[in-house]
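I have placed the structure first, in the form of structure tokens, so that the comments after it can refer back to it.
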Amino acid sequence: MTGSEMMALIEELYPILRSVTGEGVRETLAILARFNPIEIHEVPSGSPALDWTVPREWNVGEAWIRDPEGWSIVDLKDSNLHVVGYSVPIRKKMSLGELETHLHSIPERPDWIPWRNTLYEENWGFCLPHSQREALPEGEYEVCIDSRLEDGHLTYGELFLPGEIDQEFLISVHVCHPSLANDNLTGMAVSTAVARRITESGHRLGVRFLFVPGTIGSLTWLERNPDAASRVIGGLTLTCLGDASPLTYKRTYGGENEIDRVASHVLGARLEHHEELDFYPYGYDERQYNSPGFRMPIGSMMRGRHGQFPEYHTSADNLSFVSGEQLEEAANVVLEIFRTMDQNRLFKNLLPKGEPQLGRRGIYRAIGGHGDPESRQYAMLWLLQMGDGTTTLIDVATRSGISFDEVVGAANILEEHHLIQWC
Ligand code: ZN
């Protein structure tokens, strides 16, 4: 999938009214399943999710506010952000004063509609531009939210691409936000593209993709899949990948796991600008995966940071806020991180005392002290020097400055000549 194909997918998903549960998530996963054979799971309301419980399913028909003259002034038909997610049903006439306690707007951004949720508190509300809110006249308003909050299911999608070994790489994206492009239709589109590309070629590691509602979705998956969780040797949550900021990698809790070293290497080698952040216990589902009972080495790849860009969780996070070029770069980097993890190996030098005589084995062309050794031969020397059994190929690439592909090529030659072995 190219950047423009990812943008086309985002445009198709953008109008769908998503929430943590409900038809919007099902419709979204059905569209994503056209590209990859995603398995859809339906978990009943009330099911345990570690310390949490799968909530009731929320769906909404119409939702509007009529002004004192009976004109519709806010209507869900105009923006999916107008109704507060998980609002309980209401149909009532009330004063402006009472209505005001249920309205949300952003004074500093008077033309934008914010997005709000009330999943864990029984309430209702509307979001609207602050400029519109300021102009509301006194009088009697009528509000309607035709929502259904009832026992149903939490829906999530899972795609597993088996590898040759039972270790796994995990990519997880949240699928619960309504019409917000960067957060997180971009994560869904990049995951979809990466899954397509991984499917087209072989890989040692198994790869698991999760398309889950944020927090409660990953908790539900962890509750049901402790064995699969224990097979994960690295992975990423993907979010906010389409805006203009440089790619930013948030490290795992441990900070020095293989995925951290690989992501740092790939970003540094590929991009002129990127940023890296230490782990912090906020953001997206990486905080569930990294929790002490699991300690899965899951980092996070993003551009704009959670809560840090003005458009975050507002109507300004729209289709014009994201671009296909940014998506394509993000997909390429994520794919290269996976490919590098897939090829990375722990190894050890089988003749660690002194330097083995490479010339006698025909794998060391004459370089006798003049000029630099060719990079493949230099990579062999680095591999032999670092091969104490604690080092992986990516560490050799990073320390030597030689490309990972060159290091892999050199390691394969040394392995064929029984000078190193995989651990
Ligand atoms: Zn969000």
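In this chain, numbering begins with 1 at the start of the sequence shown. Order of listing sets the numbers, starting from 1, for every ligand and every atom in it.
- Side chain of Asp75 to main chain of Trp64: no donor-acceptor pair is present (N/O by atom type, distance under 3.5 Å, no hydrogens or angles).
- Classified by interplanar angle (parallel below 30°, tilted 30° to 60°, perpendicular above 60°), the ring pair Tyr289/Trp221 is perpendicular.
- For the Zn ion (ligand 1), the neighbouring protein N/O/S atoms at less than 2.8 Å, given as residue and atom, are His177 NE2, Asp183 OD2, His313 NE2.
- The salt bridge (charged side-chain N to carboxylate O under 4.0 Å, His left out) test applied to Asp278 returns Arg251, not counting sequence neighbours.
- Considering only residues two or more places apart in sequence or on other chains, Glu328 meets the salt bridge (charged side-chain N to carboxylate O under 4.0 Å, His left out) condition with none of them.
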Which pairs of donor and acceptor atoms, one on a side chain in residues 107-123, lie under 3.5 Å apart (sequence neighbours left out)?
{"unit_1": "Thr118", "atom_1": "OG1", "unit_2": "Glu121", "atom_2": "O", "d": "2.6"}
{"unit_1": "Glu122", "atom_1": "OE2", "unit_2": "Arg56", "atom_2": "NH2", "d": "2.9"}
{"unit_1": "Asn123", "atom_1": "OD1", "unit_2": "His102", "atom_2": "ND1", "d": "3.4"}

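- Within a 6.0 Å sphere centred on CD of Glu200, heavy atoms belonging to other residues, nucleotides or ligands number more than 12.
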